[in-house]
2 protein chains.
Amino acid sequence: MEPLKHDSVIPLYHQLMERIKGSIEKGHWTPGDKIPSENQLMDQFGVSRNTSKKAIEELVQEGILYRIQGKGTFVAKPKLQQSLMGFYSFSKVLKENGLNPKDIILKIEEVTPTSKIREALQLREDEHVIEMKRLRCANNEPYILESSFIPKHVVSDPEQLKKVGEISLYDLFSQQFNIVVTSAKEAFEPVLIRADETEYLQTEEGRPALLLERTAYDITGKPVEFCISIVRGDRCRFYTELT
Amino acid sequence: MEPLKHDSVIPLYHQLMERIKGSIEKGHWTPGDKIPSENQLMDQFGVSRNTSKKAIEELVQEGILYRIQGKGTFVAKPKLQQSLMGFYSFSKVLKENGLNPKDIILKIEEVTPTSKIREALQLREDEHVIEMKRLRCANNEPYILESSFIPKHVVSDPEQLKKVGEISLYDLFSQQFNIVVTSAKEAFEPVLIRADETEYLQTEEGRPALLLERTAYDITGKPVEFCISIVRGDRCRFYTELT
DNA sequence: CAGTGGTCTAGACCACGCA
DNA sequence: GCGTGGTCTAGACCACTGG
């Protein structure tokens, strides 16, 4: 391990943060693992304890680590898994109650991205993406029609994507492709159900729906998924709190 | 000013945070004011610079203060005023650009609340509310049709509500009724424009729109406003970030 | 230039979790 | 009892802002 640059314009604690994030990215440490203590980092990188502490505290602030007094510092689960766990990827969507979620994969194929998708995923002109189209159901009723676009270079084996029936897409990213989704941007607007969507969503043309666009980013800030969802308006209600 | 308790179980930086927050609450310092520097706080309260720094940094984290290197530390505006400022009350709604917002007041009158409104505002059976219905425009085009329901007991003089043309409702609450709105809950869902709304929103029946319901709370957690908005779907796009 | 916040060091004592 | 994180001190040098 290279030493930190003590004469750099980049603060030591910031360099140390990058090292720690790097180790998580590379998979040396995974969620739940204990990372070295403040004293160990201090010796290992030749900084004071306050500096190693500051690096850790910032990462705790970012939700990447968590600490337990007397025990140690640990790698946290990606935040998105906390809020987007299991079913939809949208933050606070829910229709109360214990839904029985189920996904039907409609297609998985390599496509040429539209310019909108290419821009969102920051792709070069010639790069392809994998499109996965899913119908997301709860209690065997369709709620969401969703297409995920994933840069081809992040999906080592598209066959693996079929597993999204069993585990969530972001768990799959982390386990199969070694990509941890840590943040996302969303935009949404109300729309009407289109004729070609009625078949899947089992509703009528012109009914209210929400169009949701999400771009998901890995720990380095690189976009790894662009997702377009049509959400049935009669079955979902969205909540937020402002504090 | 009493000294801090150096032998308390409560950390010094935490006590100092309380003192600073207290000074803001009591109005000694108001948004934009410069507060004492780290060195001044250090001398004044008999702590080390790192301790006064930590207190300030925590308050910056909470959004109560902000710092500018070389200039000083300043009191920030309340968070809700940052996100709900001026025009809509919804957090991240915007259609980019410099809108020229304008509200048209359609009516202000005392009404008997529906059970839904009574529940949201936690009212007794016999309590009345003031309804204020507004058409909210930008660049002279209607965007939002909005009804605010306010418990009668918080509005000492309904005439004052007419001022919402000039200042925001929450500024009015604070200045006229001495109520500081500090949090809110929102729920939204896609709907279709109804016939009776077309006249105001200058659009056609059946077009996509967003129905937004917001309950606003004062600093004690008491609900002070329930608001129902119809937002034109073709003119607004909503953004959120998940981090 | 003096004052501010930003970074960093080298110490210290404490409360907590665990063996 | 030892290692952990939590708090705290007393210094230091730096970059930035303003007069």
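- With hydrogens and angles left out, the side-chain atoms of Ser48(A) and Asn50(A) include no donor and acceptor closer than 3.5 Å.
- The phosphate of dT7(D) (OP1 or OP2) has a side-chain N or O of Tyr13(B) nearer than 4.0 angstrom.
- If you check residues 3-12 of chain A against DNA chain D, you find no residue with a heavy atom closer than 4.0 Å.
- The side chain of Thr73(B) places an N or O atom within less than 4.0 Å of a non-bridging phosphate oxygen (OP1 or OP2) of dG5(C).
- Put simply, the residue from Glu146(A), Glu213(A), Lys116(A) that forms a side chain to side chain contact (heavy atoms under 4.5 Å, CB included) with Ile228(A) is Glu213(A).
- Of the candidates dT4(D), dA12(D), dT7(D), dA12(D) carries the atom nearest the Arg49(B) side chain, counting heavy atoms from C-beta on.
- Spacing between atom CE of Met17(A) and atom C1' of dC8(C) amounts to 16 Å, rounded to whole angstrom units.
- Note on the helix from dC1(C)-dG18(D) to dC18(C)-dG1(D): terminal axis deviation equals 10°, with five pairs used at each end and the result rounded to 10°.
- Side-chain N/O atoms of Thr51(A) include one lying less than 4.0 angstrom from OP1 or OP2 on dT9(C).
- Between the side chains of Tyr217(B) and Glu225(B), not a single donor N or O lies within less than 3.5 Å of an accepting N or O.
- Residue His14(B) places its NE2 atom among 12 or fewer non-hydrogen atoms of other residues, nucleotides or ligands, all under 6.0 Å distant.
- Protein atom CD of Gln69(A) is 5 Å distant from nucleotide atom C1' of dC16(C), rounded to whole Å.
- Surrounding NZ of Lys34(B) are more than 12 heavy atoms belonging to other residues, nucleotides or ligands, all under 6.0 Å away.
- Separating the CZ atom of Arg67(B) from the P atom of dA15(D) is a distance of 18 Å, rounded to the nearest angstrom.
- When side chains are defined from C-beta on, Phe177(B) counts as touching Gln160(B), because their heavy atoms get closer than 4.5 Å.
- Distances were taken from every side-chain heavy atom of Asn50(A) (C-beta onward) to each of dT7(C), dC13(C), dA10(C); the shortest belongs to dA10(C).
- Lys53(B) comes within 4.0 angstrom of a base, heavy atoms only.
- Within 6.0 Å of the CD atom in Glu119(B), the count of heavy atoms belonging to other residues, nucleotides or ligands does not exceed 12.
- The existence of a salt bridge linking Glu57(B) and Lys54(B) is excluded, since no basic side-chain nitrogen approaches an acidic carboxylate oxygen closer than 4.0 Å.
- The nearest whole Å value for the distance from the CD1 atom in Ile68(B) to the P atom in dG18(D) is 8 Å.
- Between Phe188(A) and Phe188(B), the ring center distance clears the sub-6.0 Å criterion.
- A straight line from CZ of Phe74(B) to C1' of dG3(C) spans 12 Å, rounded to a whole angstrom.
- Rounded to an integer number of Å, the gap from Lys71(A) NZ to dC16(C) P is 15 Å.
- Across the protein-nucleic acid pair, Leu65(A) atom CG and dG5(D) atom P stand 11 Å apart, rounded to whole Å.
- Using a 4.0 Å cutoff on non-hydrogen atoms, the parts of residues 35-47 of chain A near DNA chain D are Ser37(A), Glu38(A), Gln40(A), ordered by number.
- Rounded to whole Å, atom P of dT4(D) lies 11 Å from atom CD1 of Ile56(A).
- Considering only heavy atoms from C-beta on, Leu210(A) comes within 4.5 Å of Leu210(B) through its side chain.
- In this structure, Val155(B) and Leu161(B) have side chains that are in contact, with non-hydrogen atoms separated by less than 4.5 Å.
- Between Glu58(A) and Lys21(A) there is no salt bridge, since no side-chain nitrogen of the basic residue lies less than 4.0 Å from a carboxylate oxygen of the acidic one.
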